[in-house]
Structure formats: structure tokens, C-alpha cells
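What follows is a single structure, written as C-alpha cells, with notes after it.
What you see is a predicted model; the values in this text were computed from it and never measured.
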Amino acid sequence: MLRGLDIRDMLIIDRLELAFQPGLNVLTGETGAGKSILLDSLGFVLGWRGRAELVRAGAEQGEVTAWFDLPEDHAAHEILNAAGITTSHELILRRINTRDGRKTAWVNDRRVSGDILRALSDTLIELHGQHDDRGLLNPRGHLAMLDDFAGLDGDRLRTAWRDLSAAQRALSDAEARLTALQAEEDYLRHAVAELDALDPQPGEEAELDTRRRLMQGAEKIREDIARAAEALGLQGAEGTLTDATRWLVGAAEKAQGQLDAPLGAIERAMLELDAAQRGVADCLDGLSFNPAELEDTEERLFAIRGLARKHDVLPDALADFAADLRGRLAQLDGGSNDVATQRSAVRAAQDAYDTAADAQHKARVKAGARLDQAMLAELAPLKMDRAVFQTVISEAEPGPSGRDAVAFTVATNPGAPAGPLNKIASGGELSRFLLALKVCLTQAGSNNLTMIFDEIDRGVGGATADAVGRRLAGLAEEMQVLVVTHSPQVAALGGHHWRVEKHQKSDATTSTVVPLDAAARVDEIARMLSGDTITDAAREAAKALMG
């Protein structure tokens with residue numbers, strides 16, 4: 001519920017603070033007094049697009065603040081939570097417009113964008129009038145209104161649509177993958193066969209390269225190593241040391257121990273010599289190879305390097321690359337089964353969506369018939385008993401809301417062609433159609449919105465104006481209603497009454513809003529009945545209207 005509105009330096013308003021009440025709030029005043037400025041200011045703080053020049057002449061900036069009561073189940077909480085704004089039972093909106101056109105907005109002292117303001121406004125305020133393009137006259141909202149009237153939440157249908165959309169995307173992805181794999185099937189099969197035949201292993205290329213280099217240099221170094229082996233053997237160092245040992249042992253008995261140390265050294269040298277001989281022999285054995293082995297090694301090494309260049313990978317990465325190709329080939333071989341599975345899933349999701357959409361369509365058809373009957377009953381007291389209201393449900397592209405398009409149409413007289421509300425009805429008729437429709441839709445359930453009716457009673461008078469007022473008063477029993485009116489019959493039924501006044505001075509024109517007590521209400525309604533000169537008869541008539 002809208003609790004208050006504070007306006008500073010907007011158009012011809014210097015400073016104005018209003019405290020609204022539950023029920024039917026009535027604003028009256030002379031034409032041009034500034035009633036529309038109040039709506040412009042409220043629309044500004046709600047983020048609606050309106051006049052470009054809003055700042056009062058001579059002021060640096062204009063500012064509007066609006067505050068609302070929010071029940072726990074109010075839809076605004078979801079928007080606030082999504083925006084990271086702390087929620088409570090009170091919501092305060094503030095927006096500033098500088099003279100150079102810059103606009104800045106806050107929600108509960110948190111700076112926000114105009115998009116958030118507009119999203120909040122859809123949960124807070126409904127404006128209805130002859131130029132209503134945000135509410136009942138907008139066909140894009142008729143389907144949601146009918147669903148609200150029918151009590152349809154649409155969760156099952158939306159879930160079915162999400163499931164169907166997900167299944168269709170999965171099928172499309174599977175088909176795209178299969179098509180891409182089929183396009184490279186020949187390459188995959190040839191490459192996998194080639195890699196499997198060679199079966200390269202990580203580290204093998206370096207190992208083969210080392211072995212190849214060793215074999216290539218073996219002949220050159222083997223001759224020197226063989227000579228070294230001969231020099232270390234019996235014909236060389238070993239023989240010499242053996243002879244030396246034999247000669248020294250024979251002389252040791254007569255040397256009085258002086259040869260013991262040299263003999264020990266020779267023994268140790270013989271041990272080291274033996275180790276050297278074994279190492280050289282092992283090296284010679286390693287250098288022994290079949291010439292065909294060098295050819296085989298080079299052939300495999302060059303094959304591995306050739307495949308690596310062909311597939312633009314490192315030689316050590318060939319094994320992993322082969323595994324990846326095998327995986328893609330397996331996907332290709334199983335791709336048809338995957339596509340078949342996804343097509344089955346799409347069929348199942350389509351069946352579920354069709355079932356939910358059909359159920360929603362049947363419920364909408366029944367609700368449309370009920371709404372048409374309810375409108376028939378509401379239009380009669382508004383002196384439009386010959387008018388025909390019809391809820392037209394046509395086929396639309398499937399979507400999360402089903403396969404229906406909904407439009408509210410009217411024919412002002414039997415036999416006349418039906419059409420959209422704003423194209424068929426005249427100003428006064430349109431006002432009454434909108435009021436009747438809102439009454440019917442509101443009866444479907446509770447509503448946390450504040451509804452504003454901007455001169456919706458224009459073009460009607462007498463008993464019809466009284467019927468309009470009573471319908472507005474009936475709505476106000478369910479929710480807060482603000483009505484801007486020139487009709488005394490409507491004003492007389494208000495629970496709270498304000499008069500908009502314009503004051504002209506030599507250098508400025510300003511607009512103010514004055515709350516009216518019981519006596520002032522009588523005079524205001526009398527003025528609306530008789531004009532500038534308020535007579536006693538007009539006051540009595542006003543009292544009669546007020547009951």
C-alpha cells in the first residue's frame with residue numbers, strides 16, 4: 001500500500017507531502033490545478049517514462065520520495081532479494097532529477113537503476129485511465145490476467161516447457177556432434193589405425209634417438225676401446241703386473257719385509273684393473289649390434305617423428321592424442337544411439353508439454369466464459385447492458401505460458417463488430433469497461449497493488465457516475481484505490497478526500513494539495529455540482545450524495 005508521497009521542486013510543486021490511507025482515496029480540483037502533476041511525480045519515482053522536463057523553474061533539482069507498506073507475501077520482496085537489497089515491512093523509493101537531466105534513484109538508501117524501479121513498480125502500482133498502456137489495455141498482459149482470474153499458477157506448464165527446451169537443446173547438440181564426427185569419420189578411422197599400428201609410447205622417441213646415436217658412433221670408438229682392452233689384458237698391464245708380482249714374491253724372502261708394501265699396492269692395483277677390464281668388456285658388448293638393428297631403429301624413430309609432425313603434436317604426446325581419437329571414434333560409433341535416445345527424450349517431453357498446455361487451454365476457455373458472464377453482470381449497472389465483452393483465445397507459438405494468445409474484445413452494441421477495448425469503445429465507455437474488468441479480475445483473489453484511476457469516470461454522469469463510484473468503493477474494500485475525478489458522485493463515496501489547488505503569484509505558479517475534513521468535503525462536492533458559486537442547495541445535494 002502507498003503510504004506517502006513527498007515531492008520537492010517538480011514542475012509547479014514547490015514542496016508537497018501527502019499521507020495516503022487504505023480504502024478509496026479521492027483527489028479533486030479544477031482542471032489545470034495540477035492533478036496530473038501528482039501522477040507524473042509518482043510515475044517519476046517509480047521509473048516510468050514520462051515528461052522530459054520535470055524540475056521546477058529556478059530549482060537545481062527535483063526530488064520525489066514514495067514509501068509503501070509491504071506485506072510478507074508481497075511480490076516486491078523477490079525483486080529486492082534478487083537485487084541484494086535488505087527487505088522489511090517498509091519500502092522507500094527516492095529519485096532525483098537534476099536540471100541537466102541526470103536521474104539518480106535509491107531504494108531503502110541503496111542506489112539502483114531505473115530497471116529495478118520499473119520492476120518494483122509493476123508489483124506496487126497499477127494506473128488505469130483512457131490512455132492506459134501499462135495495464136488492462138495492453139493485450140500482452142491479458143493472458144496473465146485471465147490466468148490470475150482462473151487461479152492458474154502455471155508451474156507445471158513452465159516446468160514442462162523448460163524440460164522440453166532442455167531436451168531439444170540436448171538433441172540439437174547430439175545431432176551437431178554426430179554430424180561433425182561423421183564429417184571426419186574417414187580421417188578418424190585412418191589416423192587411429194595408423195597410430196595403433198605404430199603404438200608410440202611416451203619417452204620412446206628420446207630412447208630411440210639415443211640408441212641410434214650410439215650405434216652410429218659404435219664402429220668409430222669400438223676400435224679404440226678394443227685396443228684399450230688389449231692393453232689392460234694379459235698382453236698388457238695385467239701380464240706386466242703378474243710378472244712383477246711373481247718376481248717380487250721370489251725376492252721378498254730375502255728383502256727382510258721391504259717388499260710387503262709394494263706387493264700390497266700391486267694387489268690393490270690388480271683389483272682395480274679387474275674392474276676396469278670388466279667395464280671395458282661390457283662396453284664392447286654394448287657396442288656389438290646387428291647393422292639391421294640400426295636400420296630398424298631409424299625407421300621407427302622417423303615414423304614416430306613423422307606422425308608427430310603430421311598431427312602437429314610432440315612425439316611424447318602421440319599416445320594421448322591416439323587415446324583422444326579413439327574416444328571420438330567411440331562417440332561416432334555410439335552417436336546414432338545417443339541421437340535416438342535424445343529424440344525419445346524430446347518426444348516424452350513434448351507429450352508432457354502438450355498435456356500441460358492442453359489442460360491450461362481448457363482451463364482458460366472455461367475461465368474466459370466465466371469472465372464474460374461476470375463482465376455481463378458488471379456492465380449492466382454501468383448502463384452498458386447492451387455491450388458485449390468477449391475473451392478471445394487464439395493459437396499462438398508454444399512457449400512457457402502454453403500455446404494460447406488472449407485478447408479482451410468488446411462490441412458496444414449487439415451485432416456490431418468486436419475489437420480491442422481501446423479501438424472500439426468511446427472515452428466514457430472505455431472507462432466503464434476498464435472499471436468493470438478490474439472489478440471482475442480483482443474478485444479472483446487478493447491484490448497487494450495500489451490502483452490509481454485517472455479520470456476513469458470522464459464522460460459519464462448521474463446514475464452511471466454513481467454506479468462507477470460504487471464499483472470503485474467496492475474495489476477499495478479489497479485494496480487501496482486512488483482516483484482522480486471530476487465527478488461529484490464518485491468523490492462523495494471516497495473514504496479520504498484531497499483537493500488539488502493552484503496558486504498564482506506575480507512571479508510564480510504553484511500547486512498544493514489540501515486534505516479535506518467533513519465540512520470541507522461538503523463544500524468541495526457542492527462546488528463540483530454547482531460551480532464556483534456554492535449555494536445552500538448545492539451543499540444539501542452534496543450531503544445527500546455523501547449519504
Side-chain angles (χ1 to χ4, degrees), residues 75 78-79 81-82 119 122 138-193 196 321-372 390-409 420 441 444-445:
E78 183 177 350
I79 297 171
N81 288 329
D122 289 339
N138 187 348
R140 289 179 295 181
H142 290 177
L143 184 142
M145 294 176 193
L146 181 61
D147 284 354
D148 287 342
F149 178 79
L152 302 174
D153 59 24
D155 285 346
R156 178 188 173 196
L157 184 57
R158 285 189 291 272
T159 299
W161 174 255
R162 286 195 300 268
D163 292 345
L164 175 58
S165 299
Q168 289 172 334
R169 287 194 299 271
L171 173 59
S172 178
D173 291 344
E175 290 176 336
R177 285 194 302 270
L178 181 58
T179 300
L181 289 170
Q182 286 173 336
E184 59 176 357
E185 179 177 5
D186 291 342
Y187 160 75
L188 287 174
R189 297 197 184 281
H190 174 75
V192 168
D196 285 347
F321 179 70
D324 178 64
L325 292 186
R326 290 189 203 100
R328 288 158 65 183
L329 194 56
Q331 289 180 353
L332 173 62
D333 293 336
S336 296
N337 292 334
D338 185 32
V339 168
T341 299
Q342 294 300 335
R343 284 175 178 164
S344 177
V346 168
R347 286 193 294 270
Q350 185 71 59
D351 289 343
Y353 175 77
D354 289 342
T355 299
D358 289 343
Q360 198 87 335
H361 173 74
K362 292 177 182 178
R364 285 168 178 160
V365 170
K366 292 180 180 178
R370 293 202 315 273
L371 179 58
D372 294 347
Q390 186 176 10
T391 304
V392 177
I393 302 175
S394 57
E395 187 173 353
E397 287 293 321
S401 298
R403 298 185 299 248
D404 298 323
V406 175
F408 299 144
T409 64
L441 293 174

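A distance-only check finds no donor-acceptor pair linking the side chain of S344 to the backbone of A340 [under 3.5 Å]. Remark: side-chain polar atoms of Y353 are paired, donor with acceptor, to backbone N or O of G399 under 3.5 angstrom.
Taking CG of L146 as the reference point, atom CG of D404 lies at 9.0 Å (rounded to 0.5 Å). Atom-to-atom distance recorded for Q350:CD and D163:CG is 12.0 Å, nearest 0.5 angstrom.
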task: Starting from the C-alpha separation in whole Å, work towards a yes-or-no answer on side-chain contact (heavy atoms from CB on, under 4.5 Å) for L171 and V339.
output: CA-CA 6 Å; L171 173 59; V339 168; 4.1 Å; yes
task: Give the C-alpha distance, both sets of side-chain angles, the deciding distance and a yes or no for side-chain contact (heavy atoms from CB on, under 4.5 Å) between Q360 and R403.
output: CA-CA 9 Å; Q360 198 87 335; R403 298 185 299 248; over 6 Å; no
task: Assess whether side-chain contact (heavy atoms from CB on, under 4.5 Å) is satisfied between E175 and Q342, documenting all intermediate values.
output: CA-CA 9 Å; E175 290 176 336; Q342 294 300 335; over 6 Å; no
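Residues W161 and S401 fail the side-chain proximity criterion, which asks for heavy atoms closer than 4.5 Å. Proximity of I393 to V365: side-chain heavy atoms (C-beta onward) are separated by under 4.5 Å at one or more points.
Nearest heavy-atom pair across F149 and L371 is CE2-N, 3.6 Å. The two residues F408 and H142 have their closest heavy-atom pair at N-ND1, 3.1 Å.
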Can you give me every donor-acceptor pair (side chain of residues 152-160, partner residue at least two apart or in another chain, under 3.5 Å) with its distance?
residue	atom	partner	partner atom	Å
D153	OD1	D155	N	3.0
D155	OD1	R158	NH2	2.6
R158	NH1	D153	O	3.1
R158	NH2	D153	O	2.5
T159	OG1	D155	O	2.9
T159	OG1	R162	NH2	3.2

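For T391, the side-chain hydrogen bond (donor to acceptor under 3.5 Å, both in side chains) partners at least two apart in sequence or on another chain are D372.
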